[in-house]
Amino acid sequence: MKATVIRTFGVTDVFESAELAKPEVKAGHVLVKVAASSVNTIDMMIREMGEALPFHPPLPGVLGMDFAGTIDAVGAGVTEYAVGDEVYGCAGGLGELQGSLAEYMVADIDLIAHKPTNLSMREAAALPLVGITAYEGLARAGITAGQKVLVHGGAGGVGHVALQLARHFGTEVYATGAAGEQTDLITALGATAIDFKSESVADYVEKYTSGAGFDVILDSVGGANLNNSIEAAKLNGQIATTLAMHEQDLTMAHMKGLSLHVVFMLLPMIYNVGRAEHGKILKALAKIVEAGALKPVLDVEAFSLEEAGKAHDRLASGQAMGKVVVSL
């Protein structure tokens with residue numbers, strides 16, 4: 001089968017085309033003919049950092065976590081899926097799990113679901129990692145109808161999905177972004193856009209919550225931005241973040257009685273613990289998509305399997321609006 005592999009870790013010119021043996025299906029898994037794969041920040045981190053990450057793939061490796069495609073074969077014990085079914089998921093690209101930048105990949109049935117019927121393969125491939133992350137973050141923060149929810153990075157991969165999910169759950173949604181294309185996208189997706197460069201946290205907390213603070217904050221920026229989340233949260237509020245790998249003074253979090261949830265959605269894949277929860281979330285997301293309440297946004301640039309390096313460059317450039325997708 002055709003694949004794009006890396007034989008060393010580093011910059012994007014490490015990608016090269018290769019012919020690999022078609023993988024064989026095993027019990028509890030399906031063999032998927034991949035139609036599309038999307039690029040996530042974690043894919044770039046693995047490609048760049050390699051052995052510094054404990055879950056890096058062995059070399060030569062096939063990267064790519066997200067995918068959408070058609071089932072080519074089913075393993076022993078699989079009853080929910082059949083050959084020809086269209087599926088999507090996040091099931092490879094780290095450790096011993098072959099990634100989706102190949103014509104075929106084997107996927108654990110706990111990490112997949114039937115593809116939403118109203119999405120193209122490219123759109124479906126854009127959703128799993130960011131969708132699971134956003135869903136898990138909002139769920140762990142205890143989101144309920146009527147709350148005021150703030151999404152930091154509302155035009156990003158996780159952020160643009162999170163604000164749509166928050167609207168679906170019946171909340172009043174606000175999201176930060178840079179003035180222009182980002183705030184335009186946030187507004188188009190139904191949230192109140194906040195230009196973080198021109199409005200201070202104190203200003204928009206006063207403007208939109210009368211100074212009380214937001215009930216739930218989904219911080220897809222993380223890092224030093226956690227200070228903004230802590231400032232913007234109400235007393236006993238909830239913050240979910242996708243990036244907490246830095247030193248953080250929690251004094252104000254303590255003084256406000258905040259709860260902080262760190263979402264690292266790769267854990268079930270890395271440790272093979274709780275994988276079925278990802279399948280459940282993907283099924284829930286498919287229903288939300290089919291109800292018309294969620295649609296992933298794709299970047300205008302399109303890439304082929306042979307252009308995986310260019311796809312990584314596009315995401316790294318910061319110029320992409322929406323998810324970067326590779327089509328096979």
Side-chain angles (χ1 to χ4, degrees), residues 38 40-41 66 116 118-119 123-124 126-199 201 204-205 207-209 213-222 225-226 228-229 232-234 237-243 261 263 265 281-282 284-299 318 320-324:
S38 69
N40 295 288
T41 301
D66 284 337
N118 55 340
L119 292 187
E123 289 170 328
L127 188 57
L129 186 147
V130 295
I132 292 170
T133 300
Y135 191 102
E136 180 182 345
L138 294 173
R140 287 173 59 183
I143 190 170
T144 57
Q147 291 178 320
K148 289 192 174 185
V149 175
L150 174 65
V151 177
H152 281 304
V158 173
H160 90 280
V161 173
L163 71 83
Q164 293 180 75
L165 289 175
R167 288 192 68 231
H168 170 72
F169 293 136
T171 66
E172 194 174 316
V173 189
Y174 304 82
T176 61
E181 288 186 334
Q182 292 187 7
T183 53
D184 289 347
L185 176 59
I186 289 167
T187 300
L189 294 176
T192 298
I194 298 170
D195 176 11
F196 68 90
K197 293 184 179 180
S198 65
E199 292 188 73
V201 176
Y204 63 72
V205 167
K207 181 178 181 180
Y208 296 118
T209 73
F214 295 89
D215 299 289
V216 170
I217 298 175
L218 192 291
D219 191 342
S220 69
V221 177
N225 194 66
L226 276 173
N228 296 328
S229 293
K234 75 170 190 178
Q238 305 282 326
I239 299 171
T241 185
T242 60
L243 182 60
H261 309 272
V263 180
M265 68 80 65
I281 293 175
L282 288 169
L285 289 172
K287 290 181 179 179
I288 295 170
V289 170
E290 290 170 353
L294 172 62
K295 188 176 179 67
V297 175
L298 304 189
D299 184 51
M321 281 292 295
K323 291 298 298 294
V324 175

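One is the number of the first residue; the rest follow in order along the sequence.
For the residue pair S38 and K323, a side-chain donor N or O sits within less than 3.5 Å of a side-chain acceptor on the partner.
Residues meeting the side chain to side chain donor-acceptor pair (under 3.5 Å) test with Q182, sequence neighbours left out: none. Every residue meeting the side-chain contact (heavy atoms from CB on, under 4.5 Å) condition with D195, not counting sequence neighbours, appears here in chain and number order: A179, K197, S198. Residues forming a salt bridge (charged side-chain N to carboxylate O under 4.0 Å, His left out) with D219 (at least two apart in sequence, or on another chain): none. Checked against side-chain contact (heavy atoms from CB on, under 4.5 Å), E181 has the following partners two or more places apart in sequence or in another chain: M321.
Atoms CD1 and CZ, on I288 and F169 in that order, are 4.5 Å from each other to the nearest 0.5 Å. Interatomic distance, CD1 of I143 versus CG of L218, reported as 8.5 Å (0.5 Å rounding). Rounded to the nearest 0.5 angstrom, E123 CD and L294 CG are separated by 10.5 Å. Atoms NZ and CD, from K234 and Q147 in turn, are 6.5 Å apart once rounded to the nearest 0.5 Å.
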Tell me which donor-acceptor pairs under 3.5 Å the side chains of residues 152-166 have, and how far apart each pair is, sequence neighbours excluded?
{"from": "H152", "atom 1": "ND1", "to": "T176", "atom 2": "OG1", "distance (Å)": "3.2"}
{"from": "H160", "atom 1": "ND1", "to": "G156", "atom 2": "O", "distance (Å)": "2.9"}
{"from": "H160", "atom 1": "ND1", "to": "G157", "atom 2": "O", "distance (Å)": "3.0"}
{"from": "H160", "atom 1": "NE2", "to": "V297", "atom 2": "N", "distance (Å)": "3.0"}
{"from": "Q164", "atom 1": "OE1", "to": "K295", "atom 2": "N", "distance (Å)": "2.9"}
{"from": "Q164", "atom 1": "NE2", "to": "H160", "atom 2": "O", "distance (Å)": "3.0"}
{"from": "Q164", "atom 1": "NE2", "to": "K295", "atom 2": "O", "distance (Å)": "3.1"}

Which side-chain N or O atoms in residues 130-138 pair as donor and acceptor under 3.5 Å with protein atoms at least two apart or in another chain?
{"from": "T133", "atom 1": "OG1", "to": "L129", "atom 2": "O", "distance (Å)": "2.7"}
{"from": "E136", "atom 1": "OE2", "to": "R140", "atom 2": "NH1", "distance (Å)": "3.1"}

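Of all the heavy atoms in A145 and T171, the pair that sits closest is CA-CG2, 4.4 Å.
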(Q) Between L150 and T209, is the side-chain contact (heavy atoms from CB on, under 4.5 Å) condition met? List the steps. (A) CA-CA 11 Å; L150 174 65; T209 73; over 6 Å; no

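Separation of the F214 and Y174 ring centroids falls under the 6.0 Å cut-off.
With hydrogens and angles disregarded, no donor-acceptor distance shorter than 3.5 Å links the side chain of D215 to the backbone of V149. Between the T241 side chain and the L243 main chain, a donor and an acceptor come within less than 3.5 Å of each other.
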